[in-house]
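Small disclaimer: the values here were computed from a predicted structure and weren't measured. Just so it is clear, the values below take in all heavy atoms, side chains as well, and ignore hydrogens, waters and symmetry mates.
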Amino acid sequence: MESKKKGLDREMIVVCGLVALLVSISIIFSVALWMDLDLLKCNSTILVAVFSVLTGGIWGILLCRNC
């Protein structure tokens, strides 16, 4: 039997992006809760950078695994 790879369509890209956003938000909040951090007192530039790197990394992994 041949197994065809479907490739990426628009819906798969959007769903992977939404999953990456939700996972990165949950990681940031769970680490903040675990370490008892106040997110309002954190440096917003570093927080946005960590969020962007997490989201981009997770999204890239999801897209590469579904190619």
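Of all non-hydrogen atoms in C16 and N66, the two that sit nearest each other are SG-ND2, 3.7 Å. When every heavy atom of T55 is checked against every heavy atom of S24, the shortest pair comes out as OG1-OG, 2.8 Å.
In the hydrophobic cluster analysis, where Ile, Leu, Val, Met, Phe, Trp and Tyr join through side-chain heavy atoms closer than 4.5 angstrom, I25 is grouped together with I46. Placement of V19 and V50 within a single hydrophobic cluster is found when ILVMFWY residues are connected by side-chain heavy-atom separations under 4.5 Å, directly or transitively. Under the 4.5 Å side-chain contact rule for hydrophobic residues, F29 and F51 share a cluster. When hydrophobic clusters are built by joining Ile, Leu, Val, Met, Phe, Trp and Tyr residues whose side-chain heavy atoms come closer than 4.5 Å, directly or via intermediates, L22 is not grouped with V53. Neither L63 nor L21 shares a network with the other; the hydrophobic side chains, linked directly or stepwise wherever heavy atoms of I, L, V, M, F, W or Y lie under 4.5 Å apart, form separate groups for each.
The OG atom of S44 sits 11.5 Å away from the CG atom of L39 when rounded to the nearest 0.5 Å. For the atom pair OG (S52) and CG (L47), the distance works out to 9.5 Å, reported to the nearest 0.5 Å.
Inter-residue side-chain proximity for D9 and M12 is flagged as met; some heavy-atom pair is nearer than 4.5 Å. Contact annotation: the side chain of I58 approaches that of I27 to within less than 4.5 Å [non-hydrogen atoms, C-beta and beyond].
The main-chain N or O of I13 is found under 3.5 Å from a side-chain atom of W59 such that the two form a donor-acceptor pair.
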